[in-house]
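Structure first, then comments.
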Amino acid sequence: MRIQYLDSNTKQNLLENLLKRSPNQYGEYEKAVSEILNRVKEEGDSALFAYTEKFDQAHIDAEGIQVTEEEIKEAYEAVKPELLEIIRKALRNIEDYHKKQRQYSWFDSKPDGTMLGQKVTPLQRVGVYVPGGKAVYPSSVLMNIVPAKVAGVEEIVMVTPPGRDGKVTANTLVAAKEAGADVIYKVGGAQAIGALAYGTESIPKVDKIVGPGNIYVALAKKAVYGHVSIDAVAGPSEILVIADETANPRFVAADLLSQAEHDELASSILVTTSETLAHEVSREVDLFLKKLSRREIIEKSLEQYGYILVADSMEEAIAVANDIASEHLEILTKEPYDVMMKIRNAGAIFIGEYSSEPLGDYYAGPNHVLPTNGTARFFSPLSVDDFIKKSSIIAYSKAALEAVHEDIERFANAEQLTAHANSIKVRFSQEGL
């Protein structure tokens with residue numbers, strides 16, 4: 001991996017390079033995505049079937065677009081019992097963590113006759129997109145469905161592309177069933193996002209769409225935002241490790257590589273105060289690369305977006321970590337909790353040498369759907385909050401309103417909104433306007 005000494009120019013060049021990975025930089029795909037969405041909006045199911053034939057080489061019709069109970073039963077028979085047990089253990093951890101995020105309605109009554117509050121309501125119908133193709137991620141199925149289920153969403157609709165045989169991968173189906181998906185449809189890509197956003201003869205319109213996907217899926221979610229809500233426009237995966245001289249170089253190298261294998265656009269960055277560690281980690285990366293199955297992808301990822309940055313101080317390392325605002329942040333230092341308290345921007349923070357990033361991907365419980373491309377500066381991980389909405393509650397008695405009505409009227413008149421003022425005034429004056 002390239003080793004650079006951290007200064008203002010290095011940081012600026014790094015930030016500019018990382019921004020190239022954003023889905024917002026791929027405008028050349030937007031026209032194709034727009035055409036797919038418009039066709040789905042106008043033609044419904046027939047467009048879905050045509051695109052599935054074109055992109056997935058699978059023949060799907062109205063009778064076969066929905067996964068059947070028989071197909072789910074076959075999936076359970078195909079999944080190894082030990083994997084099923086692991087899925088169930090992970091599911092319990094994810095569920096327990098997200099239950100702590102639940103919010104409840106509240107009401108505050110006062111003796112003066114006022115009652116204010118907030119009503120919390122789960123979304124009625126949510127769409128979950130699950131990628132297919134080469135990569136199959138049952139862990140992502142759990143992470144997207146479980147918080148929706150915990151929030152109390154009435155109906156969870158999952159979409160995922162079928163294989164050429166018209167079937168969905170067994171691991172994906174089992175994870176979806178265990179997590180609580182209510183219905184699963186065999187459709188993927190931008191066309192699936194269009195179906196969830198606009199509705200077709202087979203697939204109902206949803207209130208919100210969540211879940212990862214390729215650039216077409218990401219841009220389609222961006223395009224339909226406003227018709228429905230979305231979780232985020234996700235970019236490629238990324239990890240940043242803050243380490244000092246106490247860190248184990250083999251652990252650091254292994255953790256950097258765990259993200260690089262995701263995608264050629266994935267980013268893996270080490271920021272360290274130890275030049276010795278920097279060179280040791282680089283050597284360990286080279287040794288691991290000889291043995292890893294996705295070596296070609298990893299090498300391209302590291303060549304484009306892999307960095308080892310040597311900082312003069314821990315304060316400088318923390319500052320650049322906050323500027324980068326990484327999806328995953330590992331802290332492998334002598335005083336990791338002190339460092340953690342100074343971190344403002346990160347999707348998920350992993351503390352200590354036995355809290356490696358894949359722990360969060362699969363098992364610990366916190367959600368692995370995280371903000372990318374610097375959006376951790378203002379976005380949070382997927383949570384129960386993403387599947388609820390809140391309504392303000394206002395109730396005043398006559399006496400309570402009478403005590404303040406003149407203030408409200410004056411405020412409205414100051415804004416020249418006389419109808420607003422009149423709406424209050426008529427309750428206490430026969431003359432009104």
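Count residues from 1 along the sequence. Keep in mind that this is a model prediction, so the values were computed, not measured.
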Practice task
Dump the intermediate steps for side-chain contact (heavy atoms from CB on, under 4.5 Å) on Leu142 and Ile87, then the final yes or no.
Solution key: CA-CA 8 Å; Leu142 302 182; Ile87 286 173; 4.2 Å; yes
Handout entry: Lys/Arg N to Asp/Glu carboxylate O, Glu406 vs Arg410, below 4.0 Å
Key = yes
Problem - Gln101 to Val384 - nearest heavy-atom pair and separation - result: OE1-N, 3.0 Å
Exercise for the section: Evaluate the side-chain proximity of Lys149 to His98: yes if any heavy-atom separation is below 4.5 Å, no if none is. Expected result: no
Handout entry: Check: Asp244/Thr246 side-chain N/O donor and acceptor closer than 3.5 Å
Key = yes
Practice task
Would you please name every residue forming a side-chain contact (heavy atoms from CB on, under 4.5 Å) with Lys41, sequence neighbours left out?
Solution key: Tyr198, His227
Practice task
Evaluate the criterion side-chain contact (heavy atoms from CB on, under 4.5 Å) for residue pair His328 and Leu370; output intermediate values, then yes/no.
Solution key: CA-CA 8 Å; His328 307 100; Leu370 302 165; 3.4 Å; yes
Exercise for the section: Go through the steps for Glu330 and Ser356 under the test side-chain contact (heavy atoms from CB on, under 4.5 Å), then give the verdict. Expected result: CA-CA 7 Å; Glu330 289 190 4; Ser356 61; 4.1 Å; yes
Practice task
Enter the distance from Ile209:CD1 to Tyr225:OH here, rounded to the nearest 0.5 Å.
Solution key: 12.5 Å
Exercise for the section: Given side chain to side chain donor-acceptor pair (under 3.5 Å), test Thr169 with Asn171 step by step and report yes or no. Expected result: CA-CA 6 Å; Thr169 305; Asn171 289 353; over 6 Å; no
Exercise for the section: Would you indicate whether the side-chain heavy atoms of Met1 and Leu270 approach each other to under 4.5 Å? Expected result: no
Problem - Heavy-atom closest contact (Ala176 atom, Ile145 atom, distance) - result: CA-CD1, 4.2 Å
Handout entry: Glu238 and Leu240, any side-chain heavy atoms less than 4.5 Å apart
Key = no
What donor-acceptor contacts under 3.5 angstrom involve side-chain atoms of residues 56-64, with partners at least two apart or in another chain?
residue : atom : partner : partner atom : Å
Gln57   : NE2  : Lys54   : O            : 3.0
His59   : ND1  : Glu53   : OE1          : 3.4
Asp61   : OD1  : Glu63   : N            : 3.1
Asp61   : OD1  : Gly64   : N            : 2.9

Problem - Non-hydrogen side-chain atoms of Glu69 and Lys177 separated by less than 4.5 Å - result: yes
Exercise for the section: Answer yes or no: does atom OH of Tyr337 have more than 12 heavy-atom neighbours from other residues, nucleotides or ligands under 6.0 Å? Expected result: no
Exercise for the section: Carefully, step by step, assess Gln259 and Ser268 under the rule side chain to side chain donor-acceptor pair (under 3.5 Å). Expected result: CA-CA 7 Å; Gln259 293 308 291; Ser268 301; over 6 Å; no
Handout entry: Rounded distance (nearest 0.5 Å) linking atom OH of Tyr5 with atom CG of Asp312
Key = 10.0 Å
Practice task
Go through the side-chain N and O atoms of Ser237 and Glu327 and say whether any donor and acceptor fall under 3.5 Å apart.
Solution key: yes
Fill in the blank from the handout: Heavy-atom nearest pair, Gln191 first then Leu48, reads O-CD2, 3.3 Å
Exercise for the section: State whether the side chain of Thr273 and the backbone N or O of Met314 hold a donor-acceptor pair below 3.5 Å, judged by distance alone. Expected result: no
Exercise for the section: Examine distances only and state if a side-chain atom of Ser34 and a backbone atom of Glu30 form a donor-acceptor pair shorter than 3.5 Å. Expected result: no
Problem - Check: Asp45 side chain, Ser202 main-chain N or O, donor-acceptor pair, under 3.5 Å - result: yes
Practice task
Compare all side-chain heavy atoms of Asn413 with those of Thr418 and state whether any distance is below 4.5 angstrom.
Solution key: yes
Practice task
Give a yes or no answer on whether the side chain of Ser46 reaches the backbone of Glu43 with a donor-acceptor pair at less than 3.5 Å.
Solution key: yes
Exercise for the section: Please say whether more than 12 non-hydrogen atoms of neighbouring residues, nucleotides or ligands are located less than 6.0 Å from CZ in Arg164. Expected result: no
Practice task
Using modelled atom types only, decide if a donor and an acceptor are shared between the side chain of Asp108 and the backbone of Leu116 within a distance under 3.5 Å.
Solution key: no
Exercise for the section: Using the salt bridge (charged side-chain N to carboxylate O under 4.0 Å, His left out) rule, collect all pairs that involve residues 371-396, keeping only residues at least two apart or in two chains. Expected result: Lys208-Asp386
Exercise for the section: Quick one: closest heavy-atom pair of Gln103 and Val120, and the distance? Expected result: O-CG1, 3.9 Å
Handout entry: Lys/Arg-Asp/Glu bridge criterion (N-O < 4.0 Å) met for Asp182, Arg125
Key = no
Handout entry: Positive for ring-ring contact (aromatic ring centres under 6.0 Å, His included) with His405, one of Tyr396, Phe411, Phe428
Key = Phe428
Problem - Ser274 backbone acceptor or donor facing Thr272 side chain under 3.5 Å - result: yes
Handout entry: Distance (rounded to the nearest 0.5 Å) between Leu173 CG and Thr160 OG1
Key = 8.0 Å
Practice task
Report yes or no: do Ser258 and Asp255 form a side-chain donor-acceptor pair below 3.5 Å?
Solution key: no
Practice task
Drop me the distance from Ile184's CD1 to Thr68's OG1, to the nearest 0.5 angstrom.
Solution key: 10.0 Å
Exercise for the section: Taking His368 for its side chain and Asp361 for its backbone only, find out whether a donor-acceptor pair lies under 3.5 Å. Expected result: yes
Fill in the blank from the handout: Value for NE2 (His262) from CD1 (Ile298), rounded to nearest 0.5 Å, stands at 10.5 Å
Handout entry: Flag side-chain contact, heavy atom, 4.5 Å: Pro131 against Pro212
Key = yes
Fill in the blank from the handout: Heavy atoms of Lys11 and Asp323 approach each other most closely as NZ-OD2, 2.7 Å
Practice task
Quick one: closest heavy-atom pair of Pro371 and Pro381, and the distance?
Solution key: CD-N, 4.0 Å
Exercise for the section: Please check if atom CZ in Arg344 has more than 12 non-hydrogen atoms from other residues, nucleotides or ligands closer than 6.0 Å. Expected result: no
Exercise for the section: Using a 4.5 Å cut-off on heavy atoms from C-beta on, say whether the side chain of Phe387 contacts that of Leu382. Expected result: yes
Problem - Interatomic spacing from OG in Ser139 to CG in Leu91 - rounded to 0.5 Å - result: 12.5 Å
Handout entry: Gln124 side-chain N/O to Glu154 backbone N/O, donor-acceptor pair under 3.5 Å
Key = no
Handout entry: Backbone N/O of Ala195 and side chain of Thr200: donor-acceptor pair under 3.5 Å
Key = no
Handout entry: More than 12 heavy atoms from other groups under 6.0 Å of OH on Tyr362
Key = no
Exercise for the section: Please examine the side chains of Ile318 and Val339, heavy atoms only from C-beta on, and report whether any two atoms are closer than 4.5 Å. Expected result: yes
Problem - Val130 vs Tyr137, side-chain contact (heavy atoms from CB on, under 4.5 Å): CA-CA, chis, key distance, verdict - result: CA-CA 8 Å; Val130 175; Tyr137 300 119; over 6 Å; no
Problem - Whether Lys221 side chain and Asp231 backbone form a donor-acceptor pair below 3.5 Å - result: no
